[in-house]
**Student:** 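Got a structure here, written out as C-alpha cells. Questions coming.
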Amino acid sequence: MLPRLLLLGVLAASFAGSQVPTRRTVSLVVSNGIVITVDGNRRVIDRGSVAIDGRDIVAVDTVAAIAARFRGRETIDAAGAVVMPGLVNTHTHAPMVLFRGLADDLALMDWLQKYIFPAEAKTVSPAFVRAGTRLAALEMIESGTTTYADMYYFEEEIARVTKAAGLRGVLGETIIQFPVADARTPAESLALTEKFAKAFAGDELITPAVAPHAMYTNDAATLKACRALADRLDIPVIIHLSETKDEMKTADEQYRATPTAFLESIGFWGPRTLAAHAVHVTPADIDILARRHVGVAHNPESNMKLASGIAPVEAMRRAGLAVGLGTDGAASNNDLDMFEAMRQAAFLHKLVASDPRAIPAPVALEMATIAGARAMGMDTAIGSLEAGKRADLIVVSMASARQTPMYDPVSHIVYVTRGDDVRTTIVNGKVLMRDRRVLTLDRRQVLAEASLFADKVRAAVK
Ligand SMILES: [Zn+2]
C-alpha cells in the first residue's frame with residue numbers, strides 16, 4: 001500500500017503545481033457587478049469584477065476569470081449594482097457650494113454684483129475655502145465624482161483638503177486683473193500659482209494648473225505670462241471661454257476678434273489647456289481649438305440657469321475636440337451631481353437639434369468619463385476601467401423603484417440614476433465611501449461647519 005500512497009502523494013503535488021495556477025493576491029476585488037468599462041470597445045460585462053492592486057486596476061473581466069487569477073485581501077460585493085469609472089467634473093469652483101441657493105433667477109450682472117461679488121469680498125478666506133471644499137468633496141464623493149477641475153482663490157488650501165478627502169483634482173489659482181481675496185495683482189496670483197505648483201509637483205492626486213479667469217478679465221500681458229508659466233512648469237491651463245454674449249461683445253470692441261481668435265493671436269493656446277463653456281464659439285473658433293488640441297468643459301445646467309446660451313457640442317465633437325461635462329460652481333447649478341449633468345446635456349442637445357438622436361446615452365456617459373479625462377489630458381490614467389489605469393471607480397445601486405426594470409444599464413446611468421444612488425466611491429485604489437458611509441470626512445462636522453459659514457454669507461449680503 002505504501003508505494004501506492006506515495007504515488008498518489010506525488011500525483012497530488014504535481015497536480016497542485018501544474019494544473020491549479022497560484023492566484024495573485026491583490027489589495028481589492030470589486031466583484032460580481034454589471035461592469036460598464038467605457039474602454040475602447042465600450043465593453044459592458046454583465047457579471048464582472050475589477051481587480052485592484054494598490055493604486056492601479058490590474059484586470060477587468062468576468063467574475064469567473066477574475067476569481068481564477070486573483071484573490072483580494074479585501075472584497076466589495078457589487079451584486080446587482082453597476083461598477084463604472086468615477087465621474088470627471090471638468091469645471092467647478094468647489095468652495096462656491098457655500099453660496100448654493102443664495103440668490104437665483106436674477107439677471108447675470110445683478111446676480112454677480114448684488115450677491116456673489118459682495119459675498120465673496122466679505123467672506124472668502126482660507127478657512128472659508130477649506131470649509132467649502134470639504135463640503136464640496138463630501139458632495140462629490142457621495143455622488144460619484146472622483147476627479148474635478150477647479151478654479152478659485154487660496155487654491156493651495158483647496159488642494160490640501162482635496163488630497164485629504166482622497167479626491168483627484170486639477171486645480172488652478174484664479175488669476176484676474178483686479179484685486180481679489182488672496183492677491184492684489186495678477187503678478188501675486190502668478191507667484192501663488194508657482195509656489196502651489198512646486199509644493200504639489202509629482203503629487204499622485206493633485207495636478208496644479210495655471211488658471212487665468214478669462215480673456216475679458218485679464219490683459220494680454222497677463223494672459224501671455226500665464227502661458228509662459230504653464231510652459232515653464234509643464235502644467236495645464238484652465239480658462240473660461242466665450243461664456244456669454246457680453247464676453248463676445250467685449251472681445252469685439254477691444255480686439256476686433258472673438259475671444260478664441262484673440263487668444264490664438266497672442267499665442268495663448270497650447271497643450272493641456274481646458275476651456276470652460278465655449279458657448280458662443282464660431283466654426284472658425286472650433287477649428288482653432290481643434291488645431292490646438294484644447295479640451296472643452298461643457299456645463300449644460302449652468303448655461304441654462306444663467307441663460308448663457310447653448311454650446312455647439314455636436315459641432316465641437318465632430319471637429320474632434322474632447323468635450324467633457326462640468327457642473328460649474330454650485331451657485332449657478334445648484335449642485336455638483338454629474339449624473340444630472342449627463343441627463344441635462346442629453347436633453348438640451350436633443351431639444352436644440354430637434355433630434356432625439358443627438359447626444360445619446362453612451363455619448364453622455366463618455367463625456368462624463370473618458371472624454372472629460374481627455375479634455376484634461378489625463379485619459380491615459382483615468383476615465384475608463386482598464387488594466388494599468390488608476391483605480392478610480394464607483395459602485396452604483398440599481399435597486400430603486402425608479403430604476404426598475406433595467407433593460408440597458410447605460411440608459412439607466414444617464415436617464416434615471418442620481419448621485420444618491422452611488423454606494424461606494426474608490427479613488428487611486430482607496431475606498432473613500434463604502435455603502436454610503438464616507439470614510440475620509442466627518443460628515444456631521446462638515447455640515448455643521450458649512451452652516452456656520454452660511455451665517456456669515458447671509459450677513460454679508462444683507
Ligand atoms: Zn466657471
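Atom set for the values below is all heavy atoms of this structure, side chains included, hydrogens, waters and symmetry mates excluded.
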**Student:** Run the numbers on Lys163 and Asp203 for salt bridge (charged side-chain N to carboxylate O under 4.0 Å, His left out), then give the verdict.
**Tutor:** CA-CA 9 Å; Lys163 189 175 166 67; Asp203 192 90; 2.8 Å; yes
**Student:** May I ask you to decide if Asn218's main-chain N or O and Thr222's side chain share a donor-acceptor pair within less than 3.5 Å?
**Tutor:**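 Flag not set: sc Thr222 to bb Asn218 has no pair under 3.5 Å.
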**Student:** Could you check Thr37 against Val44 for side-chain contact (heavy atoms from CB on, under 4.5 Å), going step by step and ending with a plain yes or no?
**Tutor:** CA-CA 6 Å; Thr37 62; Val44 176; over 6 Å; no
**Student:** Main chain of Val422, side chain of Arg436: is a donor-acceptor contact present, judged purely on distance under 3.5 Å?
**Tutor:**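 The answer is yes, because a donor-acceptor pair under 3.5 Å joins these two groups.
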**Student:** For atom NZ of Lys224, decide whether the heavy atoms of other residues, nucleotides or ligands shown that lie under 6.0 angstrom number more than 12.
**Tutor:**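 Counting neighbours around NZ of Lys224, 12 or fewer heavy atoms of other residues, nucleotides or ligands fall under 6.0 Å, so no.
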**Student:** Hey, could you give me the OG1/CD1 distance between Thr260 and Ile288, rounded to the nearest 0.5 Å?
**Tutor:**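 Result: 6.5 Å between the selected atoms.
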**Student:** Decide yes or no on salt bridge (charged side-chain N to carboxylate O under 4.0 Å, His left out) for Lys389 and Glu386, but give the supporting numbers first.
**Tutor:** CA-CA 6 Å; Lys389 283 197 170 183; Glu386 293 177 81; 3.6 Å; yes
**Student:** Does Cys226 form a side-chain contact (heavy atoms from CB on, under 4.5 Å) with Val210? I'd like the steps, not just the answer.
**Tutor:** CA-CA 6 Å; Cys226 288; Val210 182; 3.7 Å; yes
**Student:** Please lay out, stage by stage, how Asp335 and Glu139 fare under the test side-chain contact (heavy atoms from CB on, under 4.5 Å).
**Tutor:** CA-CA 8 Å; Asp335 61 37; Glu139 185 182 351; 3.3 Å; yes
**Student:** Kindly say whether Thr250 contributes a backbone atom to a donor-acceptor pair with the side chain of Glu253 at under 3.5 angstrom?
**Tutor:**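 Not a single qualifying donor-acceptor pair exists.
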**Student:** If we ignore hydrogens and angles and just use 3.5 Å, is the side chain of Thr273 paired with the main-chain N or O of Trp269 as donor and acceptor?
**Tutor:**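 The answer is no, because no donor-acceptor pair under 3.5 Å joins these two groups.
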**Student:** If we check side chain to side chain contact (heavy atoms under 4.5 Å, CB included) with Phe339, which of these qualifies: Ile413, Asp420, Val414?
**Tutor:**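 In the set Ile413, Asp420, Val414, the residue that makes a side chain to side chain contact (heavy atoms under 4.5 Å, CB included) with Phe339 is Ile413.
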**Student:** Carefully, step by step, assess Phe128 and Phe99 under the rule ring pair (Phe, Tyr, Trp, His ring centres under 6.0 Å).
**Tutor:** CA-CA 11 Å; Phe128 176 94; Phe99 301 132; 5.4 Å; yes
**Student:** With a distance cut-off below 6.0 Å to the six-membered ring centre and an angular limit of 45° from the axis, does Lys456 pair with Phe453 as a cation-pi contact?
**Tutor:**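 Yes, a cation-pi geometry.
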**Student:** About how many Å separate OG of Ser143 and CD of Glu340, when rounded to the nearest 0.5 Å?
**Tutor:**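 With rounding to 0.5 Å, CD (Glu340) is 10.5 Å from OG (Ser143).
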**Student:** Testing Asn299, Asn334, Asp105 for side-chain hydrogen bond (donor to acceptor under 3.5 Å, both in side chains) with Lys305, which one passes?
**Tutor:**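 By the side-chain hydrogen bond (donor to acceptor under 3.5 Å, both in side chains) criterion, Lys305 pairs with just one of Asn299, Asn334, Asp105: Asn334.
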**Student:** Before you tell me yes or no, could you show the steps for Leu171 and Met151 under side-chain contact (heavy atoms from CB on, under 4.5 Å), namely the whole-Å CA-CA distance, both residues' side-chain angles and the distance that decides it to 0.1 Å?
**Tutor:** CA-CA 6 Å; Leu171 312 176; Met151 176 201 287; over 6 Å; no
**Student:** Would you please test Asp231 and Arg227 for salt bridge (charged side-chain N to carboxylate O under 4.0 Å, His left out) and show each step?
**Tutor:** CA-CA 6 Å; Asp231 286 350; Arg227 167 48 60 197; 3.1 Å; yes
**Student:** Quick one: does Asp56's side chain have a donor or acceptor within less than 3.5 Å of a partner on Val58's backbone?
**Tutor:**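 Looks like no, no N/O pair under 3.5 Å.
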**Student:** What side-chain donor-acceptor pairs closer than 3.5 Å can you find for residues 357-373, not counting sequence neighbours?
**Tutor:**
residue, atom, partner, partner atom, Å
Arg357, NE, Asp355, OD1, 3.1
Arg357, NH2, Asp355, OD2, 3.4
Glu366, OE1, Arg42, NH2, 3.2
Thr369, OG1, Leu365, O, 2.8
Thr369, OG1, Glu366, O, 3.4

**Student:** Ignoring hydrogens and angles, write down the donor-acceptor pairs under 3.5 Å from the side chains of residues 425-432, residues two or more places apart or on other chains.
**Tutor:**
residue, atom, partner, partner atom, Å
Thr425, OG1, Ile141, O, 2.8
Asn428, OD1, Arg168, NH2, 2.9
Asn428, ND2, Glu204, OE1, 3.1

**Student:** Rounded to the nearest 0.5 Å, what separates atom CG in Asp337 from atom CD in Glu142?
**Tutor:**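 Going from CG on Asp337 over to CD on Glu142, the span is 11.0 Å.
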**Student:** Indicate the atoms forming the closest heavy-atom contact of Ile176 with Pro186, along with that distance.
**Tutor:**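 Where Ile176 meets Pro186 most closely, the heavy atoms are O-CG, 3.7 Å.
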**Student:** Closer than 3.5 angstrom, by distance alone: can the side chain of Gln177 be matched with the main-chain N or O of Asp219 as a donor-acceptor pair?
**Tutor:**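 Checked: pair present.
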**Student:** Does Asp246 pair with Lys249 as a salt bridge, N-O distance under 4.0 Å?
**Tutor:**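 Not counted as a salt bridge, because no side-chain N and carboxylate O are separated by less than 4.0 Å.
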**Student:** Short question: side chain of Thr417, backbone of His412 - any donor-acceptor pair under 3.5 Å?
**Tutor:**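 Pair found, side chain donor or acceptor close to backbone of His412.
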**Student:** Which value, rounded to the nearest 0.5 Å, describes the distance between Asp442 atom CG and Glu449 atom CD?
**Tutor:**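 So the gap between those two atoms works out to 10.0 Å.
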**Student:** Which heavy atom in Asp328 sits nearest to a heavy atom in Ser302, and how many Å separate them?
**Tutor:**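 Shortest heavy-atom contact: OD2-OG, 2.8 Å.
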**Student:** Keeping Thr440 on the side-chain end and Ala165 on the backbone end, is there a donor-acceptor pair under 3.5 Å?
**Tutor:**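 Yes, because the side chain of Thr440 sits within donor-acceptor range (under 3.5 Å) of the backbone of Ala165.
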**Student:** State which residue, out of Glu157, Glu173, Glu120, fulfils the side-chain hydrogen bond (donor to acceptor under 3.5 Å, both in side chains) condition with Tyr152.
**Tutor:**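 Between Tyr152 and the candidates, side-chain hydrogen bond (donor to acceptor under 3.5 Å, both in side chains) is satisfied uniquely by Glu120.
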**Student:** Under 3.5 Å, is there a donor-acceptor pair between the side chain of Ser308 and the main chain of Met304?
**Tutor:**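 Not a single qualifying donor-acceptor pair exists.
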**Student:** Report the distance from atom CD1 of Ile175 to atom CG of Leu229, rounding to the nearest 0.5 Å.
**Tutor:**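 These two atoms lie 7.0 Å from each other.
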**Student:** Which atom names give the shortest non-hydrogen contact between Ala220 and Ile266, and what distance separates them?
**Tutor:**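 Closest approach of Ala220 to Ile266: O-CD1, 4.2 Å.
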**Student:** Any salt bridge between Asp252 and Arg256, counting N to O under 4.0 Å?
**Tutor:**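 Looking at Arg256 together with Asp252, the answer is yes, because their closest N to O distance falls below 4.0 Å.
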**Student:** For Thr92 and Asp150, run side chain to side chain donor-acceptor pair (under 3.5 Å): C-alpha distance rounded to whole Å, both residues' side-chain angles, the deciding distance at 0.1 Å, then the answer.
**Tutor:** CA-CA 5 Å; Thr92 192; Asp150 194 78; 4.9 Å; no
**Student:** Do Thr217 side-chain atoms and His213 backbone N/O form a donor-acceptor pair below 3.5 Å?
**Tutor:**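 Not at all, since once roles are kept as given, no pair shorter than 3.5 Å links the two residues.
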**Student:** Roughly how far, to the nearest 0.5 Å, is the CG atom of Leu108 from the OG1 atom of Thr244?
**Tutor:**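 That separation rounds to 6.5 Å.
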**Student:** Considering non-hydrogen atoms only, spot the tightest contact between Arg402 and Asp421 and give its length.
**Tutor:**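 Taking every non-hydrogen atom into account, NH1-OD2, 2.9 Å.
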**Student:** Return each pair, listed once, that meets ring-ring contact (aromatic ring centres under 6.0 Å, His included) where at least one residue sits in residues 275-329; pairs must be two or more places apart or across chains.
**Tutor:**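 Those involving residues 275-329 are His91-His277, His240-His277, His298-His349.
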**Student:** Of all the heavy-atom pairs spanning Ile286 and Leu321, show the shortest one and how long it is.
**Tutor:**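 Answer, listing the atom of Ile286 first, then Leu321: CG2-CD1, 4.1 Å.
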